[in-house]
Enquirer: 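Take this structure, written in C-alpha cells, and hold onto it; I'll ask about it next.
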Amino acid sequence: MREDDARLMREAIAEGRLALATEDVPVGAVVVGPGGAVVGRGHNAREATADPTAHAEVLALRDAARALGRWRLDDCTLVVTLEPCAMCAGAIVLARIPRLVLGAWDPKAGATGSVHDLVRDRRLNHRVEVVGGVLEDECATLLTDFFGERREA
C-alpha cells in the first residue's frame, strides 16, 4: 500500500455516497493520473440512468479517458470502494490500468482476486497489480448500511 492510497480511497468513498441520492448501490471510484491528481470520478448510476453498464469503475474510466484525451490509461491508478465485477475487471484490463486499489472484497461477484481473478489472468495481454483492503471496514460499512436499510423497508 502506498501513502496516498487511504486518502484516495476517502475520495472514492465520498464519490460512492453520491450514489445514495438516486438509490444506487453506493460504490465510488476515482482514477489517479500520472501526476497524482484525480483525473476521473464515478459512482454507480444504474438506477439513475437505467444503464446496466453504469458502474462506478466504468464511469470513472470514461471520465479519465475524456480528461486525458486517450483510452490507454497505462499510467493511471483506479481506486474503488468495492472489488470490481467481471465487466469492470474487463474494462480495467482493456484500459491498460496498471494498478487497482480496492476497499471491500466482494465474495459473491468479485473478479479481481476473490471469486475470479480476471485482471491477473496470464492468458490476457495485460495484468494489473491489485492492492486490496484499503479502508476495508469503511467501504464495507457503506454497503452493509445501504443493504440493511433496504431489508428493513
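We're numbering straight along the sequence, starting at 1.
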Enquirer: Can you see which heavy atom on T49 is nearest to which on A54, and at what distance?
Expert: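 In this case the closest contact between T49 and A54 is OG1-CB, 3.6 Å.
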
Enquirer: Shortest non-hydrogen contact from V134 to M9?
Expert: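 Taking every non-hydrogen atom into account, O-CG, 3.7 Å.
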
Enquirer: Does E11 come within less than 4.0 Å of R41, counting only side-chain N to carboxylate O?
Expert: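 Salt bridge: yes.
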
Enquirer: Roughly how far, to the nearest 0.5 Å, is CD of E57 from NE2 of H43?
Expert: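 Reported to 0.5 Å precision, the distance equals 13.0 Å.
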
Enquirer: Counting N and O atoms only, with roles assigned by atom type, does the side chain of T22 sit under 3.5 Å from a partner on the main chain of A19, one being a donor and the other an acceptor?
Expert: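 Yes; at least one donor-acceptor contact below 3.5 Å.
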
Enquirer: Check the surroundings of atom NE2 in H116: do more than 12 heavy atoms from other residues, nucleotides or ligands lie under 6.0 Å from it?
Expert: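 Atom NE2 in H116 is not packed in, count stays at 12 or less.
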
Enquirer: For E47, is there any backbone N or O sitting under 3.5 Å from a side-chain donor or acceptor partner on D24?
Expert: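 Flag set: sc D24 to bb E47 pair under 3.5 Å.
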
Enquirer: What's the shortest heavy-atom distance between S114 and E83, and which atoms?
Expert: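 Here S114 and E83 meet closest at OG-OE1, 2.5 Å.
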
Enquirer: Hey, quick one: are V31 and V128 part of the same hydrophobic cluster, counting side-chain heavy atoms closer than 4.5 Å, chains of contacts allowed?
Expert: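 Yes.
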
Enquirer: Is the side chain of T81 donor-acceptor paired with the backbone N or O of I13 at a distance under 3.5 Å, no angle test?
Expert: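 No, because the side chain of T81 does not come within donor-acceptor range (under 3.5 Å) of the backbone of I13.
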
Enquirer: Give a yes or no answer on whether the side chain of E15 reaches the backbone of A29 with a donor-acceptor pair at less than 3.5 Å.
Expert: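 No, E15 side chain to A29 backbone: no donor-acceptor pair under 3.5 Å.
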
Enquirer: Calculate, to the nearest 0.5 Å, the distance between atoms CG and SG belonging to L61 and C88 respectively.
Expert: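 Rounded to the nearest 0.5 Å, the CG-SG separation comes to 8.0 Å.
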
Enquirer: Out of curiosity, R17 CZ to F146 CZ, how far, rounded to the nearest 0.5 Å?
Expert: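 Result: 14.0 Å between the selected atoms.
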
Enquirer: Answer yes or no: is there an ion pair linking R123 with D121, defined by an N-O contact shorter than 4.0 Å?
Expert: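 Salt bridge present between R123 and D121.
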
Enquirer: Hydrophobic clustering (ILVMFWY, side-chain heavy atoms < 4.5 Å, transitive) - are L68 and W71 grouped together?
Expert: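 No, separate clusters.
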
Enquirer: In terms of hydrophobic clusters joined by side-chain contacts under 4.5 Å, are V58 and L78 together?
Expert: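 Cluster IDs for V58 and L78 differ.
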
Enquirer: If you look only at distance, which donor and acceptor atoms sit under 3.5 Å apart when one is on a side chain in residues 92-102 and the other is two or more places apart or in another chain?
Expert:
{"unit_1": "R96", "atom_1": "NH1", "unit_2": "L94", "atom_2": "O", "d": "3.0"}
{"unit_1": "R99", "atom_1": "NH1", "unit_2": "D5", "atom_2": "OD1", "d": "3.2"}
{"unit_1": "R99", "atom_1": "NH2", "unit_2": "D5", "atom_2": "OD2", "d": "2.7"}

Enquirer: To check you understand the geometry: which heavy-atom pair defines the closest contact between A104 and A140, and what is its length?
Expert: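 Smallest interatomic distance, heavy atoms only, reads CB-N, 4.0 Å.
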
Enquirer: Can you get from L142 to L18 by hopping between Ile, Leu, Val, Met, Phe, Trp and Tyr side chains that sit under 4.5 Å apart?
Expert: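 L142 does not cluster with L18.
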
Enquirer: Which pair of heavy atoms, one from P84 and one from A89, lies closest together, and at what distance?
Expert: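 Here P84 and A89 meet closest at CB-N, 4.1 Å.
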
Enquirer: Applying side chain to side chain contact (heavy atoms under 4.5 Å, CB included), run through R127 and V119 and close with a yes or a no.
Expert: CA-CA 5 Å; R127 280 171 287 292; V119 298; over 6 Å; no

Enquirer: Go through the steps to decide whether W105 and L82 satisfy the test side chain to side chain contact (heavy atoms under 4.5 Å, CB included), and finish with yes or no.
Expert: CA-CA 6 Å; W105 294 96; L82 179 64; over 6 Å; no

Enquirer: Taking the side chain as everything from C-beta on, heavy atoms only, tell me whether C85 gets closer than 4.5 Å to D106.
Expert: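 C85 vs D106: side chains apart.
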
Enquirer: Backbone N or O of R7 within a donor-acceptor pair of the D4 side chain at under 3.5 Å?
Expert: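 Here the side-chain-to-backbone pair does not exist.
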
Enquirer: Quick one: does any side-chain atom of N44 pair with a main-chain N or O of A56 as donor and acceptor, under 3.5 Å?
Expert: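 Looks like yes, one N/O pair under 3.5 Å.
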
Enquirer: Would you sort out whether E129 and R120 count as a side chain to side chain contact (heavy atoms under 4.5 Å, CB included), showing the intermediate values?
Expert: CA-CA 8 Å; E129 173 191 357; R120 292 179 284 200; over 6 Å; no

Enquirer: Got a second to check how far D75's CG is from L73's CG, nearest 0.5 Å?
Expert: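 Going from the CG atom of D75 to the CG atom of L73 covers 7.5 Å.
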
Enquirer: For D51 and R62, work out which heavy atoms get closest and say how close.
Expert: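 Nearest pair, atom of D51 first, then R62: OD2-NH1, 4.4 Å.
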
Enquirer: Using side chain to side chain contact (heavy atoms under 4.5 Å, CB included), reason through V38 and L8 one step at a time and then give a plain yes or no.
Expert: CA-CA 8 Å; V38 173; L8 293 164; 4.1 Å; yes

Enquirer: Please determine whether residues L59 and V32 belong to a single hydrophobic cluster, defined as Ile, Leu, Val, Met, Phe, Trp and Tyr linked transitively by side-chain heavy-atom distances below 4.5 Å.
Expert: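 Not linked; separate clusters.
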
